[in-house]
Peer 1: 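Starting off with a structure, shown below.
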Amino acid sequence: MEPTQAIPKVFVSRETEQEIGSGLRSLRPFQIEKVKGDLSAGTLAWVVGRTGKFIGQGFTNPGKEIAFQIVSIFEKEKIDAAFFEARVLAADEFRQKTLKFSDAYRLFYGAADGIPGLVIDRFNNICSLQISCPGVEKYKQAIADALMKINGVDTVIERNDFRNREKLGLAVKKGVLAGKARVQTVINEGGVKFEVDVMRGHKTGFYLDQAENRVAAEKYCFAGCEMLDVFSYTGGFGLHAANANASVTMVDMKEAIGQARRNVKLNKFEERVSFIEGEAFEETKKLISRPERFDVVSVDPPAFIQKPSEKARGKKAYHQINYNCMKLLVENGVLVTSSCSHFLSMDSFLKILGDAASNAGKVASIIELRSQSRDHLMPLHGGSAASYLKCAFLRVNSKKS
Ligand code: SAH
């Protein structure tokens, strides 16, 4: 028997074959016409055309929203530990050599780097990974061992504690996969230090997607400038403003403020940073009734729209918080406003901002439109939908009567 005959097969239409040729890597159930062989979760299988011609190979995920994840379009490529090592090290080399990231960066980003369902972030000496594909899960230890070969990496942890793992039939857990049991480190982001707790921080430990936006916001701050950082988390935008000598007020809930205080101390910015612990909508409303106004306001909320059914309510929330923040700006003030809601397009976000400005009695102009940092490469096939983060830098003025 020919060895390839034993490989399970997934049959797709000519149309899907063409899409795979253009970069599609995650197949939905409706795109699979027929299957042959044992296709239990995580099995290595071939995607073939109606005539049985090889198109790609990857992992099955039967019965799930994403039914198949293609990792290679080469018939002879062996999918083993060495394959994962090569992909991971190549992605790292691209970040370091071409993009010039060295200390903290998204080292591997799913389909854009050739393996859907694998995300790896690097925080100085610690790598943190997330897997959402049962086939990739089988190579978790091989991936961790490969990461240990990167100069400066001494620990690899998994942050596989997100809810979606259960739906995929994978254990929800976090822990050390390789190296030392240390879970805290300090990163340097454009001259600002952040303590990152990779076990407790959000997502893989820290929001790296905003890194270049935080650095970019610095250039609008100056000595004597008043900056307000709404939804400051561990101090992201505010610490960069303080780095440009601004006086900063950070607003977030109690738990996040604790880490922000430690980061302020780490950078010796205690004299120019103050904190408001509380609910952002309430606190910004209270600030409107006071006389102080700010030269720069950053507003970086959690995703208000997590599924399509939340669109209407989420849009209202974006409108309200941006309305409040625009009210808090001086003439010629700069608003740095973000939305990480996947289900909100840049155009819809800009429309909300325009309406919020008008209701607040303001006119706003776009200075910069930005997305996630360059280390978060996006698959071209996904089109603009792959770019989930929207960050607009606006100049805000009063409407002249
Ligand atoms: N700007 C940050 C990331 C913000 S993440 C950075 O650059 O790292 C979103 C933050 O919003 C979290 O810290 C969370 O604690 C906070 N948050 C969520 N809902 C909130 C609310 N209603 N009021 C105040 N803070 C809130």
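We're numbering straight along the sequence, starting at 1. Atoms within a ligand are numbered from 1 in the order they appear, just like the ligands themselves.
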Peer 1: Determine, stepwise, if the pair Lys286 / Glu283 fulfils salt bridge (charged side-chain N to carboxylate O under 4.0 Å, His left out).
Peer 2: CA-CA 5 Å; Lys286 277 191 222 158; Glu283 297 302 333; 3.2 Å; yes

Peer 1: Do Ile79 and Gln57 come close enough that some side-chain heavy atom pair is under 4.5 Å?
Peer 2: yes

Peer 1: Do Lys138 and Phe59 come close enough that some side-chain heavy atom pair is under 4.5 Å?
Peer 2: no

Peer 1: Closest by any non-hydrogen atom to atom 23 (N) of ligand 1: pick that one out of Gly201, Ser298, Ala280.
Peer 2: Ala280

Peer 1: Should you measure from each heavy atom of Arg214, which atoms of ligand 1 turn up under 4.0 Å away?
Peer 2: 6 (C), 7 (O), 8 (O)

Peer 1: Using a strict cut-off of 4.0 Å, indicate which atoms of ligand 1 neighbour a heavy atom of Glu279.
Peer 2: 21 (C), 22 (N), 23 (N)

Peer 1: Run down the list Gly238, Pro302, Ala303 and name the one with the heavy atom closest to atom 19 (N) of ligand 1.
Peer 2: Pro302

Peer 1: Counting non-hydrogen protein atoms only, what is the nearest one to atom 5 (S) of ligand 1? Give residue, atom name and distance.
Peer 2: Tyr207 CE1, 3.5 Å

Peer 1: Using a strict cut-off of 4.0 Å, indicate which atoms of ligand 1 neighbour a heavy atom of Ser232.
Peer 2: 2 (C)

Peer 1: What are the atoms of ligand 1, with element, lying closer than 4.0 Å to any heavy atom of Asp300?
Peer 2: 1 (N), 2 (C), 3 (C), 4 (C), 6 (C), 7 (O), 9 (C)

Peer 1: Under the rule for side-chain contact (heavy atoms from CB on, under 4.5 Å), what residues qualify as partners of Asp113, not counting sequence neighbours?
Peer 2: Ala91, Arg95, Phe108, Tyr109

Peer 1: What about Gln210: any of its N or O atoms under 3.5 Å from an N or O on ligand 1?
Peer 2: no

Peer 1: Taking the six-membered ring for Trp, are Tyr318 and Phe349 parallel (under 30°), tilted (30 to 60°) or perpendicular (over 60°)?
Peer 2: perpendicular

Peer 1: Consider ligand 1: state whether an atom of it lies below 4.0 angstrom from any non-hydrogen atom of Gly278.
Peer 2: yes

Peer 1: Which one of Phe206, Phe194, Phe231 has a non-hydrogen atom at the shortest distance from atom 11 (O) of ligand 1?
Peer 2: Phe231

Peer 1: Decide if atom CG of Asn151 counts as having more than 12 heavy atoms of other residues, nucleotides or ligands within a radius under 6.0 Å.
Peer 2: no

Peer 1: Would you say Asp252 contacts ligand 1, with heavy atoms under 4.0 Å as the rule?
Peer 2: yes

Peer 1: Under 6.0 Å between the ring centres of Tyr207 and Tyr233?
Peer 2: yes

Peer 1: Cation over ring, Arg261 on Phe275, under 6.0 Å and within 45°?
Peer 2: yes

Peer 1: Which of the numbered atoms in ligand 1 are under 4.0 angstrom from any heavy atom belonging to Gly236?
Peer 2: 7 (O)

